[in-house]
Participant: 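Pasting a structure below so you can have a look.
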Amino acid sequence: ICLPGVVAAEESATDSAAEVEAAPTAEPEGSRLRAINEFMFATLFFDISGGRIQIDEVDKNDEPVLDASGVAKQKTIPVPFLVAFLLFGGIYFTFFHRWINVRGFAHAIQVVRGKFDNPEDQGEISHFRALTSALSATIGLGNIAGVAVAIQTGGPGAVFWMFIAAIFSMASKFNSCTLSQVYRKVNDDGSISGGPMYYLDIGLSSLHKSLAPLGKFLAIAYAVMAMGGALGAGNMFQSNQATQSIVDTFALGDGARLTVGIVLAVFVGAVILGGIKRIGAATARIVPAMCIIYVLASLYIIFSNLSEVPHALGLIVGMAFSKNALFGGLVGVLVTGVTRAAFSNEGGLGSAAIAHAAAKTDEPVREGLVAMIGPVIDTMIVCTMTALVIVITGVWENAELTAQSAGMDSTLKGVLLTSEAFGSVIPWFPYVLTVCITLFAYSSMIAWCYYGERGWIYIFDHLGGSGVKSVIVFRLIFIGVVVFGAVNRLNDILDFSDVMLLSMALPNIIGSMFLAPKVYGMLKDYMKRLQSGEMKPTS
């Protein structure tokens, strides 16, 4: 996912606070929604360092920038609260579960290959389809545009910190997706509902009755945020950017936006109206296909410039620890990388747990292990491919491109940089990139509809028990919003929905920390049975 509002946090690592707007919009100054957005972004991304991290400003030639009196200018490098909180959560779960993200990875690969599948287990979809459903929500415009913006903002060194952050986020996903299996609910129609709203509610109340009110509050907040994030960042934004890419690439003109939006809506509706089984079947085909197309194109460029790879890797590692003030120094580069990784693979947000709750298994830990593969594919493979192409081709330091992209929104800027990088070697690749963008956006939409509708079911189950019966209403709203997103400029609306999506991390991580001891107890039991040979592959 590429979140418009998040870019403020990334850019603030390399620009002075006065130069970066927390939530850029095109709405009038008096917009109430803008005021709410600015307040919420300020709350989520306040500088936990208190403005204490300051460095001298430099220009592109590493020369100091002087003010009118000839004194070197300084800029503040903020450490946004939510970025630090997400990283803290990943580190916490990694150490709490004794580095399960490393020691359990090989077994996770066996599971996702179907070695331990049992068709008789309760659930709706296989481990593999649960993984692809979750990946379809995270592999998106962030992998194409977000990486480019991160490199232009934080330099190649930001990619190194993306990689490190992804390793820690694997443990966050393991924890949340294991819990989603433990506390999932079987609905009257046989479908499965699960995810943070269920384990926050049921899980915390099961620990102690005094935690029940907290669990209910966190669960309701999460469900509302999931619906808002699904309609905004998971729908309108995806539809808007896919439509823009199609219209621009094929020179269709703005008059074609409605037609494109309707076509997208029809294809989205054809899948989401069938529920998670149809979503899983679709993503099991789309996700591998779009990853293969994108990775093969990336590898073609990498192998065409094989002699440049050592230099590119040297830049990525070397500039991760650079004191170069152009990119905000070490702290600025680190913050940029961690931010982009967090919103590339959603580690800590808990949304993937909603998809993994539907997997067929009687071993919750097993599904948690499968979920760990997500950040590896999303960040360590797809994002790294984009990064290598951008660094190898040198577009990240192309002054003409930087000037050309000035004034664009962050995603269009990133698409331009990535398109230029691929196009410099494969002239016709911008057309392929448009196909990739459309597929990435489409897969994100169908997955986020499922996430949003699970939030709808949870809320309406508390309002007369009509969650499953009324879920068709949410699906129809979602389909209509696809068209709305394609034809409208959505700045303030999207910023608001993005804030809701980002806020999902707060209730999820807080509640998950309370429940981590239960997960660890189950993990120890699972690994003991696996190592003793009691647990044998089924194929």
Participant: I'd like to know if the side chain of N240 reaches the main chain of M236, judged simply by a donor and an acceptor atom lying under 3.5 Å from each other, with no hydrogens or angles considered.
Facilitator: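 Flag not set: sc N240 to bb M236 has no pair under 3.5 Å.
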
Participant: Does the S443 side chain pair with the main chain of F440, one donor and one acceptor, at a distance under 3.5 Å?
Facilitator: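 Yes: the side chain of S443 pairs with the backbone of F440.
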
Participant: Does a side-chain heavy-atom distance below 4.5 Å link L315 with W396?
Facilitator: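 Yes; the side chains approach each other to less than 4.5 Å.
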
Participant: Mind telling me whether F95 and W99 have parallel, tilted or perpendicular rings, with 30° and 60° as the class edges?
Facilitator: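 Rings of W99 and F95: perpendicular, over 60°.
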
Participant: If I take atom OG1 from residue T384 and atom CG from residue D378, how far apart are they, to the nearest 0.5 angstrom?
Facilitator: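 Separation between the atoms: 10.0 Å.
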
Participant: Do you know which two heavy atoms are closest between W448 and M504, and how far apart they sit?
Facilitator: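 Scanning both residues completely, I find the closest heavy atoms to be CH2-CE, 4.1 Å.
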
Participant: Are any side-chain N or O atoms of S245 and backbone N or O atoms of Q241, one a donor and one an acceptor, separated by less than 3.5 Å?
Facilitator: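 Between the backbone of Q241 and the side chain of S245 there is no qualifying donor-acceptor contact (under 3.5 Å).
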
Participant: Please step through side chain to side chain contact (heavy atoms under 4.5 Å, CB included) for the pair V391 and E308, ending with a clear verdict.
Facilitator: CA-CA 9 Å; V391 175; E308 296 295 321; over 6 Å; no

Participant: Decide if atom OH of Y520 counts as having more than 12 heavy atoms of other residues, nucleotides or ligands within a radius under 6.0 Å.
Facilitator: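 More than 12 heavy atoms, drawn from other residues, nucleotides or ligands, come within 6.0 Å of this atom.
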
Participant: Taking all non-hydrogen atoms of both residues into account, name the closest pair between P78 and P80 and its distance.
Facilitator: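 That closest heavy-atom pairing would be O-CD, 3.5 Å.
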
Participant: For F321, is the CZ atom crowded, meaning more than 12 foreign heavy atoms sit under 6.0 Å from it?
Facilitator: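 Check passes, neighbour count above 12.
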
Participant: Using a 6.0 Å cut-off, check whether atom CZ of F96 has over 12 heavy atoms from anything other than its own residue.
Facilitator: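 Yes - once you tally the heavy atoms of other residues, nucleotides and ligands closer than 6.0 Å, there are more than 12.
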
Participant: Write down the atom of L231, the atom of V481, and the distance for their closest heavy-atom approach.
Facilitator: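 Here L231 and V481 meet closest at O-CG1, 3.6 Å.
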
Participant: Please determine whether side chain to side chain contact (heavy atoms under 4.5 Å, CB included) holds for the pair T386 and V389, giving the CA-CA distance in whole Å, both sets of side-chain angles, and the decisive distance to 0.1 Å.
Facilitator: CA-CA 5 Å; T386 303; V389 169; 6.0 Å; no

Participant: Are there over 12 heavy-atom neighbours, none belonging to F46, within less than 6.0 Å of that residue's CZ?
Facilitator: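 Atom CZ in F46 is packed in, count exceeds 12.
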
Participant: When rounded to the nearest 0.5 angstrom, what is the spacing between CD1 in I293 and CG in L296?
Facilitator: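 I293 CD1 to L296 CG: 8.5 Å, rounded to 0.5 Å.
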
Participant: Can you check side chain to side chain contact (heavy atoms under 4.5 Å, CB included) on Y199 and N508, steps first, answer last?
Facilitator: CA-CA 9 Å; Y199 62 69; N508 180 52; 2.4 Å; yes

Participant: Less than 3.5 Å apart, which donor and acceptor atoms pair up between the side chains of residues 221-229 and the rest of the protein, not counting sequence neighbours?
Facilitator:
unit_1: Y222; atom_1: OH; unit_2: L349; atom_2: O; d: 2.8
unit_1: Y222; atom_1: OH; unit_2: G350; atom_2: O; d: 3.4
unit_1: Y222; atom_1: OH; unit_2: S351; atom_2: N; d: 3.2

Participant: Do the non-hydrogen side-chain atoms of I437 and L433 ever get within less than 4.5 Å of each other?
Facilitator: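 In short, these two side chains touch, coming nearer than 4.5 Å.
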
Participant: Got a second to check how far N101's CG is from I373's CD1, nearest 0.5 Å?
Facilitator: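 Between atom CG of N101 and atom CD1 of I373 there are 12.5 Å.
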
Participant: For the atom pair CD1 (I100) and OG1 (T178), what is the distance rounded to the nearest 0.5 Å?
Facilitator: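 Nearest 0.5 Å value for the CD1-OG1 distance: 9.0 Å.
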
Participant: Relative to each other, are the rings of Y92 and F88 parallel, tilted or perpendicular (30° and 60° limits)?
Facilitator: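 Answer is tilted, since the angle falls between 30° and 60°.
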
Participant: Do L44 and L506 touch side chain to side chain, with heavy atoms closer than 4.5 Å?
Facilitator: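 A side-chain contact exists here, since the closest heavy-atom pair is under 4.5 Å.
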
Participant: Please answer whether the main-chain N or O of T243 pairs with a side-chain N or O of R257 as donor and acceptor at a distance below 3.5 Å.
Facilitator: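 Side chain of R257 to backbone of T243: no pair is present.
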
Participant: Mind listing the closest non-hydrogen atom pair of T393 and I390 along with its distance?
Facilitator: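 So the minimum-distance heavy-atom pair works out to OG1-O, 3.4 Å.
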
Participant: Which distance, rounded to the nearest 0.5 Å, do you find between the CG of L299 and the CG of L306?
Facilitator: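 L299 CG to L306 CG: 11.0 Å, rounded to 0.5 Å.
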
Participant: So does R52 have more than 12 non-hydrogen atoms from other groups sitting under 6.0 Å from CZ?
Facilitator: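 Not more than 12 within 6.0 Å, no.
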
Participant: Do any N or O atoms from the side chain of S512 and from the backbone of I509 form a donor-acceptor pair under 3.5 angstrom?
Facilitator: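 No: the side chain of S512 does not pair with the backbone of I509.
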
Participant: Ignoring hydrogens and geometry, is there a side-chain-to-backbone donor-acceptor pair from D47 to V79 under 3.5 Å?
Facilitator: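 Present.
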
Participant: Can you find a heavy atom in the side chain of I151 that is under 4.5 Å from one in the side chain of T336?
Facilitator: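 They are not in side-chain contact.
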
Participant: For a quick test of reading the model, state the closest non-hydrogen atom pair linking V370 to L131 and the distance between them.
Facilitator: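 Heavy atoms of V370 and L131 come nearest at O-CD1, 3.8 Å.
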
Participant: Would you say that V335 contacts I77 through its side chain, given a criterion of any heavy-atom pair below 4.5 Å between the two side chains?
Facilitator: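 Not touching, per the 4.5 Å side-chain cut-off.
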
Participant: Can you give me the closest heavy-atom contact between A158 and A150, atom names plus distance?
Facilitator: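 It is CB-O, 3.9 Å.
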
Participant: Under the side chain to side chain contact (heavy atoms under 4.5 Å, CB included) criterion, do L82 and F41 qualify, and how do the steps go?
Facilitator: CA-CA 10 Å; L82 188 60; F41 273 111; over 6 Å; no

Participant: Would you check if I167 and P375 make a side-chain contact, meaning some heavy-atom pair closer than 4.5 Å?
Facilitator: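 No, too far: nothing below the 4.5 Å cut-off.
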
Participant: Check whether any side-chain heavy atom of Q238 lies under 4.5 Å from a side-chain heavy atom of Y442, and answer yes or no.
Facilitator: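 No. Closest side-chain heavy atoms not under 4.5 Å.
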
Participant: When rounded to the nearest 0.5 angstrom, what distance separates OG1 in T438 from CG in L264?
Facilitator: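 T438 atom OG1 to L264 atom CG measures 7.0 Å (nearest 0.5 Å).
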
Participant: Check whether any side-chain heavy atom of S298 lies under 4.5 Å from a side-chain heavy atom of F422, and answer yes or no.
Facilitator: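 Side chain of S298 against side chain of F422, heavy atoms only: contact under 4.5 Å found.
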
Participant: Could you tabulate the donor-acceptor pairs under 3.5 Å formed by side-chain atoms of residues 169-176, not counting sequence neighbours?
Facilitator:
unit_1: S169; atom_1: OG; unit_2: A166; atom_2: O; d: 2.8
unit_1: S169; atom_1: OG; unit_2: N345; atom_2: OD1; d: 3.3
unit_1: K173; atom_1: NZ; unit_2: N345; atom_2: O; d: 3.1
unit_1: K173; atom_1: NZ; unit_2: E346; atom_2: OE2; d: 3.3
unit_1: N175; atom_1: OD1; unit_2: H97; atom_2: NE2; d: 2.7
unit_1: S176; atom_1: OG; unit_2: S172; atom_2: O; d: 3.2
unit_1: S176; atom_1: OG; unit_2: K173; atom_2: O; d: 3.3

